[in-house]
A.B. asks: 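Handing you this structure, nothing more for now.
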Amino acid sequence: MSGGARPLGEDPVVTAILHDETPLTRESLSTSLNLCGRGVRVLTAASVADLESVVRQDGAPDVALANFSGRLASDPEFRPRLAELLDVLDGIPLIMLSDSDETVTALEAIRQGAQGYISTTVGLTMALEAIRMVAAGGIFVPAPILHRLIIEQTGVPDPALHAAFSVPAPEVNGKPHLTQLTPRQIAVLECLQEGKPNKVIAHELGMRESTVKVHVRNILRRLGATNRTEAVCRVMREDN
């Protein structure tokens, strides 16, 4: 096998860089993510200068994580520090790590340009999913923060909101409502109906294989299916 070629069917490794000025949290988190993260490799940067050095090299990371500890959006240093990091990263998506699950802070981070927000209330598995999602072009905010934000913006009472998030997929006359899918998800679903694997779907639709996987997971969730076959069967029932 020549160069860095990967075996057929193997997903590309997502490379993340963790910027954290505190040695203990930096080393602990990076070690844990590297041990648990199949398909995710985590580098570290103790300073902004270290971060910039890695970013400027060939083979720059796919995503960056920056530990803001307990710094809130109300902190005078919050926006300047975030702006500095975004400037150094020069287009590499940023996930903010924070000890706070304050809705205002998470929302401000996203407004200022971060692609993800992870509070220390989430586990390693969720953190890894956030890294993969952001690397694939998505935006990640933990569900509890998102729920509170929707309540604050819409005034929907908590029980109703919980029910809305608990239902896997809206149904009409007992059938999955496909209008809940985005055009991109529908395109992926059509490929699934033809029995195409992720690698072929990625090639035909001009996207990364990791992005296809994210779309497939979202399709299954929205259709209330546990696997591809069940999703296709549900769609076939709706068409009949």
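Both backbone and side-chain heavy atoms feed into the values below; hydrogens, waters and symmetry mates do not.
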A.B. asks: Less than 4.5 Å apart, any side-chain heavy atom of Thr105 and any of Asp75?
C.D. replies: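 A side-chain contact under 4.5 Å is absent here.
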A.B. asks: Could you check if a side-chain atom of Arg26 sits within less than 4.5 angstrom of a side-chain atom of Asn67, using non-hydrogen atoms only?
C.D. replies: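 Arg26 does not reach Asn67 side chain to side chain.
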A.B. asks: Set out, in order, the CA-CA distance, both residues' side-chain angles and the distance that settles side-chain contact (heavy atoms from CB on, under 4.5 Å) for Arg56 and Asp90, then state yes or no.
C.D. replies: CA-CA 9 Å; Arg56 297 294 178 262; Asp90 192 26; 4.3 Å; yes
A.B. asks: Examine distances only and state if a side-chain atom of Asn198 and a backbone atom of Glu209 form a donor-acceptor pair shorter than 3.5 Å.
C.D. replies: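 No, Asn198 side chain to Glu209 backbone: no donor-acceptor pair under 3.5 Å.
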A.B. asks: Are Val40 and Leu33 close enough that some pair of their side-chain heavy atoms sits under 4.5 Å apart?
C.D. replies: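 No. Closest side-chain heavy atoms not under 4.5 Å.
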A.B. asks: Could you go step by step and tell me if Ile17 and Asp50 meet the side-chain contact (heavy atoms from CB on, under 4.5 Å) rule?
C.D. replies: CA-CA 10 Å; Ile17 183 163; Asp50 291 342; over 6 Å; no
A.B. asks: Walk me through it: do Val212 and Lys196 pass the test side-chain contact (heavy atoms from CB on, under 4.5 Å)?
C.D. replies: CA-CA 11 Å; Val212 174; Lys196 296 175 180 176; over 6 Å; no
A.B. asks: Among all residues two or more places apart in sequence or in another chain, which pass the side-chain hydrogen bond (donor to acceptor under 3.5 Å, both in side chains) test with Asp87?
C.D. replies: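 Partners of Asp87 under the side-chain hydrogen bond (donor to acceptor under 3.5 Å, both in side chains) test: none.
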A.B. asks: Would you say that Ile201 contacts Leu192 through its side chain, given a criterion of any heavy-atom pair below 4.5 Å between the two side chains?
C.D. replies: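 Yes, their side chains come closer than 4.5 Å.
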A.B. asks: Going through the distances and angles, do Leu205 and Thr211 end up as a side-chain contact (heavy atoms from CB on, under 4.5 Å)?
C.D. replies: CA-CA 11 Å; Leu205 298 183; Thr211 305; over 6 Å; no
A.B. asks: What is the distance from atom CZ of Arg41 to atom CG of Asp62, rounded to the nearest 0.5 Å?
C.D. replies: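 Output value for this atom pair is 9.0 Å.
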A.B. asks: Is it true that Leu72 and Val104 fall in one hydrophobic cluster, defined by side-chain heavy atoms closer than 4.5 Å?
C.D. replies: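 Not linked; separate clusters.
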A.B. asks: Where is the tightest heavy-atom contact between Val63 and Pro93, given as atom of each residue plus distance?
C.D. replies: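 Where Val63 meets Pro93 most closely, the heavy atoms are CG2-O, 3.4 Å.
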A.B. asks: Flag the pair Val214 / Met207 as yes when at least one side-chain heavy-atom distance between them is below 4.5 Å, and no otherwise.
C.D. replies: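 With C-beta onward as the side chain, the pair stays apart.
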A.B. asks: Are Val48 and His19 side-chain neighbours, meaning at least one heavy-atom pair lies under 4.5 Å?
C.D. replies: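 SC-SC contact between Val48 and His19 confirmed.
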A.B. asks: Could you check whether any side-chain heavy atom of Val188 comes within less than 4.5 Å of a side-chain heavy atom of Val216, counting everything from C-beta outward?
C.D. replies: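 They are in side-chain contact.
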A.B. asks: Holding to side-chain hydrogen bond (donor to acceptor under 3.5 Å, both in side chains), I want the full list of residues that pass it with Ser69, two or more places apart in sequence or in another chain.
C.D. replies: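 Result, side-chain hydrogen bond (donor to acceptor under 3.5 Å, both in side chains) vs Ser69: none returned.
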A.B. asks: Side chains of Leu97 and Leu29: does their closest heavy-atom pair fall under 4.5 Å?
C.D. replies: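 Yes, close enough: below the 4.5 Å cut-off.
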A.B. asks: Excluding sequence neighbours, so at least two apart, what forms side chain to side chain contact (heavy atoms under 4.5 Å, CB included) with Ser28?
C.D. replies: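 So Ser28 forms a side chain to side chain contact (heavy atoms under 4.5 Å, CB included) with Leu24.
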A.B. asks: Thr121 and Asp101: side-chain donor and acceptor closer than 3.5 Å?
C.D. replies: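 Checked: Thr121/Asp101 side chains show no N/O donor-acceptor pair below 3.5 Å.
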A.B. asks: Is a salt bridge present between Glu129 and Arg132, judged by a nitrogen-to-oxygen distance below 4.0 Å?
C.D. replies: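 Arg132 and Glu129: salt-bridged.
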A.B. asks: So, taking the atom named CD in Glu190 and the one named CD in Glu204, what distance separates them when rounded to the nearest 0.5 Å?
C.D. replies: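 CD of Glu204 is found 11.0 Å from CD of Glu190.
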A.B. asks: For Ser30 and Val42, which heavy atoms make the closest approach, and how far apart are they?
C.D. replies: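 In this case the closest contact between Ser30 and Val42 is CB-CG1, 4.0 Å.
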